[in-house]
Every structure is written in C-alpha cells, then in structure tokens.
Participant: 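First the structure, which I've put down as structure tokens, then a few questions once you've had a look.
Chain A is the first sequence line, chain B the second, and so forth, proteins listed ahead of strands; every chain is numbered from 1. Side-chain atoms are counted along with the backbone in the values below, which use heavy atoms only and exclude waters and symmetry mates.
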Protein chains: 2
Amino acid sequence: MKKKQSATIYDVASRVGVSLATVSRVVNGNTNVRESTKRKVLAAIDELGYHPNAVARGLASKKTTTIGVVMPDVTDMYYSELARGIDDVANMYHYDVLLTNTDEDPVRETMAVNNLATKQVDGIIFMGNELDREVLNTIASVDAPVVLAGFLTSDGSLPSVNIDYVAAIRESTKALIRNGHQRVALVIGPLTHAINKQYRLKGYQDALEEMGIDYDESLVFTSHQDYAAGMQVAERVTAAKATAAITYDDEVALGIMNYMIDKGVKVPDDFEVVTSNNTKFAIVTRPAVTSISQPKYDIGAVAMRMLTKLMNNEILEDTQITLPHTIERRGTTKNDLEIKM
Amino acid sequence: MKKKQSATIYDVASRVGVSLATVSRVVNGNTNVRESTKRKVLAAIDELGYHPNAVARGLASKKTTTIGVVMPDVTDMYYSELARGIDDVANMYHYDVLLTNTDEDPVRETMAVNNLATKQVDGIIFMGNELDREVLNTIASVDAPVVLAGFLTSDGSLPSVNIDYVAAIRESTKALIRNGHQRVALVIGPLTHAINKQYRLKGYQDALEEMGIDYDESLVFTSHQDYAAGMQVAERVTAAKATAAITYDDEVALGIMNYMIDKGVKVPDDFEVVTSNNTKFAIVTRPAVTSISQPKYDIGAVAMRMLTKLMNNEILEDTQITLPHTIERRGTTKNDLEIKM
DNA sequence: TCAAAATATGCAAACGCTTACAATGTTAAC
DNA sequence: GTTAACATTGTAAGCGTTTGCATATTTTGA
C-alpha cells in the first residue's frame, strides 16, 4: 500500500561511489567537496528522491531544528497572533514548531515542557499569564533555552518580550480620567499573577495618583478571559457605579460593552471602554473598541528571534525586551479622548 | 551553564544491574518483566530522573508519535478551532502536533508536507480550501496517512471530515427566500475550488430551483477570507441590489454587515445576513449574526481520531465523514426566519 | 522429581545520520 | 623534481533506543 521505502544516505553514496561522509557533506552544504563530485551527488539525490531523515539527523547531531511553543489556547486571538509571529520567523530560520495548548493549567504546562524536553526540542517559547513555581522548576531543569512571550515573571529571571504594561495602562487610565471620569473600573486577571498586580494594577494606581484621585479597591475587578465572563463582570462594574472601564482582554471588553448596550447604556456617551489587545475583535464591532495596540505579531517574532540566538549560544545584550505600544482611538471612547504619555 | 546531561537507558540499566532490553521493556509497559525487577527499574528511573529520548526512540521504532497539521492560518478563528479539536484528541492519544501555516499557498503547502515527511511524522491533517495538483502528488508520495479537515476534494480520494455544505447552504438560502427575498447574494471563495463550486454554489442553486427563482450569476460574489474583503464585496452586493447575503466566512459577513450599518442600511430590517462558521465573531456583534453552526471542534477531533486509526493500520468503515450542522438564528435575520430542511 | 512449557532476561544488530580523525590526492613554490 | 600546505574523501565510532532471537530461569503437570 505504502510508497517504496525512501532512499537513505547509504543508497546515494553507493550509487555515486563515494562514502556516506561525502554525501552528508554535500547535503549539509559543507564547502570541502569538489564541485564535480558535488554535482554527481546532487544528481543521485535527485534521481533517488532522497530526503534526509530528520530523526536520524537529530539523534546524531543532537539538534532537532524543532522548537516547542506552549500556549494557553490557539483559539484565543491574542495568543494565536503571537503564535503566527513565532511561526513565521521560526520557518525563516528553518525551525519547525511543536504546539501545545495548556489552558493555563500548571499541571499541563509542566507536562508540556517535560514532553518537549523528551522530544529534544532545541528551544521553547512559553506563553501564559503566570509561571507557577512547579513549572518554573521544570523549565529550569530542561536543557533548552526558554523565552517568554507576552508576559513575564516578577524577577525577570527568564528572557521575555513584552510591552510596557505599566505605561500602557497608566496612559489609558489617565486619558479616561481627563475625559471626566472619576470612577474608572479596571478589569484584569487574578492579582496573584505578577502581570496583573505588579504591572497592570500598578499602571492604574499610578494614573490615579498622578491625577489626584483616590484608589478605590472596589473598582478593580477580576475576570476570566472570555466574552461570557465580560458580560458577568459588567454587572458588577455597573453596580460599582463606574462610568468607564479598562480591560485586559478584548473579549472581556466586548462582553462589557454588549452588556451595556443591551441594558440601554450608550457607549461611549454614558460609558467608555478601552481594551488592551487590539485583536480583530476590537474592530468588527459597532462601535469599534478603543484599544492599547500591542505589536502582537512582533512580540512573537522577536521572542522567536531571541530564541534562535540563544539556541545558537549567542549572548543576548538584553534579555528583557520591551516593544513599543500605541493607543488606537476608536468608537468606545469620546472623540476628545486625549492620549498623553 | 546547562543542567547535567540527562541519564540514558544505559545508566538505569547498569544501576539496576539489568540489560538495556529489560529497562526498555518496563519503560514501554511490556508485560514480560518480573514484578520485582520492574519495581527496581522504576525506582532507578525515578532516582536518575531518566526520560527516554524520543528522537532515539523514533529512529529505532520508526514511529515519532508526532503528527503534522498544515493549515492556512492559526490566526483564523475557523481553523484555530479545528486545530484545538485536533490538538486535544492528539494529546489524548499521546501524539504531539507539528504546526505549519501556509496561507493557502500551494508552494508552501508542498514544502510543508515534504518537511513533515522528512521529520517522519506518523500522520498529517490538512486544512485549506482546495488541494492543488502538485500538493496532491506530494501527499500521495508521502509515507504517512493524511486526512482532510473542513474541506474536501471533488473525487473524495482522501479521507476527510466535513458538514454537508450543499444542504447547509440550501437550507439557509431557502429560509432567506421564504423571508421574502428575491435577490439573495452568495459570497464565497474562488469557484476554482471544489468546495465552492460543487458544494456551496450547488446548495444555493438547488435552493433557488426549489423555490422557483431563476439563478442570476451576478448575485454570486467571490471574496477573500477577511473583514476588509467583506467591506469591499459589500459595495458590489449593494450595487447588485441584493437584499440579503449568505457568506462562507464570518469575518466577511461582519465586513458586509458593518458596511451596511455604516451606510445606514438597517440590519436585519433592510438587509439580512447569514454566515457559515459560527465563530465567536458571530456572537460579539450587535446584532449578532445568524449562522450555520458547524461543529468545528468536533471536525478537528474526528479528523484526528480517524488519523489515529489510519496510523494504527485499522480499516475505516467510512472515509468521508459528514458531521451534522444546525442553523443558529440570531439578530441579522428577521425573527420569523424559518428553517426547514 | 523432571521434562516440557511458560516466563524473564540478555545479546547484539539495526535505525540513518554526523563528525572527529586519518588517509589520500593536488597544487604551488622553489 | 620535491615537499610542504592545502583540498578532498574515507573510516568508523557514536547518538539512545527498539526488537528478534537466544539463553536462562521459573512454573507446571504428572
């Protein structure tokens, strides 16, 4: 049933009348091969339809030209855009990508990393919201470089690429306050996550302080990262008498916005919304959602580029990379929304 | 810098005082091992932190427990949901997933398949809209089973899982016609693709015929699979004096809907829209979009399940699987939209 | 108690390639 | 014509497993 067993390096060697080593050299682009024999080898390779076996190659060379990507969920726009950036530059450097969804479950994250180690990946890119202690240990025990994309640990012990979350949230919060809001809700993920507590919340608090508004804990909400959760939190936001909200996730923002619209609250006239990820979700609604614009594709791409260097044992001049962000003003904020840094 | 070289099967064998073969047997769950030695081996494995090297294993056993997934774009909701279904059942059967984005470029699709063959994947799941001749040849030359998810070839030469596109489009078209529309636009992909010409267009034509309406070619539009393209085609749809549209892609549907809304056309009062994929995009807008509901996750899951059987050399009783679809009635169609089969 | 049957274990040959190192062939300067 | 220096090619030892076959070792039945 199956096609004929593909030729091995031995087949082409014997056909040309040279040794395995020579064939291996031409396959790997080694320069020390006479032009004429190189041509003959190439011809034989072509005739036999020889394709080097990557597994054997990996065993012999200890390099698999494969990297692992562990992410919460491919189905989440934010992560899939990062993944696309990763994949594109991975291909550029001839790496393949082994993808794993974890739903942010530390157990599955640990298993994923271990599994990738077993498969001898040359490197790993890790996405999520927080690094569980156990996962961190696992990562540390793995003999492959790891870089974080789109989040970071509080101690910066692992290379990562992100935007300046503190500044991004600070700017948007201030812009909202300048728009006349005294009660701006902040909807983020669990405060047990460094990215939420030390960065997003920090940016929010900084803005309040700069604008001379007292911090009110009851305006900070925790929500899951999906549309339904947004709808739910919207009720609490309303109860807290907030007149504007900043969210960390686009789907959550849409949930909030639609809750308002469905309740007859005018957006942006009576309620303004700013979200954080600027995925396609932010532009397909009416009104479209004002958002912090993260260079998602680039975050993935840069993370992958860092990883190639690490895999190549190059020294990174900077392990904590911060990419620039902007604010995309759209219909969920009043036209006079003023963005100042 | 790097952690100590991990232990090999040899290390645990010598520690316990047994041969490689025995260790290999316990690792692989072979039953022919005395309970007492099995315990000792397991203990040694634990102490040494031994993890079998999947690459070596792959070389020796000719099985990599890895499958390849080639898809147009992870960033596309439709495909990423299929991918999630694939990934989940792949994990269930202990397979890892090698992911490749092709943007539907036949050249990249060919490269992807060849590359996966090189990496010795045990099977491949292919997504897209059409199989180019060259790609088809490449697939045929690969020594690994392939199953198509979410599309099919006209000759059914490859296993695949889909919904009944003809029926789905026929039903929605008829429902729209019953709602009083004489000019229903059909927005699909290139007619060079079997899935568009032989299935979607067919369903549309069948509906017209059954409802006694003449087929008007000028109501059939071709569009790229994204939001901006939807906006563009909307203009042509308007010019053609269509009063309703059926689209093959949710982003396209949103583009059309927003174009209408922006032009002051009331949806659904003056224009009705039905889309095909029922992704999150269809529910986050106001109005939410009526859609054919495909079991996307299941399509991926079932495709993967088929693949496991194929990889296991089991016989498939049915190679062309059709999963049931429904119609999700939402705000872009009038409430009295009547769905009949 | 012993041979035969059933279980456990070991041996060693693959698997297909990379890569030091050794060997051979060429070239060029004198 | 030599020989040193360089370019080209070959040898063979791994890489870490799996697995068919041979060799113990234990169990079973009479």
Participant: I need the A:Ile9 CD1 to A:His51 NE2 distance, nearest 0.5 Å.
Facilitator: 14.0 Å
Participant: Quick check on the helix from C:dT1-D:dA30 to C:dC30-D:dG1: what's the angle between its two end axes, five base pairs per end, to the nearest 10°?
Facilitator: 30°
Participant: So, is B:Thr22 close to the C:dT9 phosphate, meaning a side-chain N or O under 4.0 Å from OP1 or OP2?
Facilitator: no
Participant: Once you round it to whole Å, what is the distance between P of D:dG16 and CG of B:Leu20?
Facilitator: 12 Å
Participant: Would you say the side chains of A:Ser24 and A:Asn28 form a donor-acceptor pair under 3.5 Å?
Facilitator: yes
Participant: Report the residue (B:Leu59 or B:Gly17) whose heavy-atom-nearest nucleotide on DNA chain C is the more 5′ of the two.
Facilitator: B:Gly17
Participant: Please answer whether the main-chain N or O of A:Pro106 pairs with a side-chain N or O of A:Glu134 as donor and acceptor at a distance below 3.5 Å.
Facilitator: no
Participant: Judged by each residue's nearest nucleotide on DNA chain D, which is more toward the 5′ side, B:Asn53 or A:Thr37?
Facilitator: A:Thr37
Participant: At under 4.0 Å between heavy atoms, what does B:Val18 touch on the DNA or RNA strands: base, sugar-phosphate, or nothing?
Facilitator: sugar-phosphate
Participant: Check whether the side chains of A:Lys119 and A:Thr66 place a donor and an acceptor atom closer than 3.5 Å, and report yes or no.
Facilitator: no
Participant: Between B:Ser61 and B:Asn32, which is nearer to the 5' end of DNA chain C once each is assigned its nearest nucleotide?
Facilitator: B:Asn32
Participant: Counting side-chain heavy atoms from CB outward, which of C:dC17, D:dG10, D:dC15 is closest to A:Ala21?
Facilitator: D:dG10
Participant: Between the side chains of B:Arg305 and B:Thr308, is a donor N or O closer than 3.5 angstrom to an acceptor N or O?
Facilitator: yes
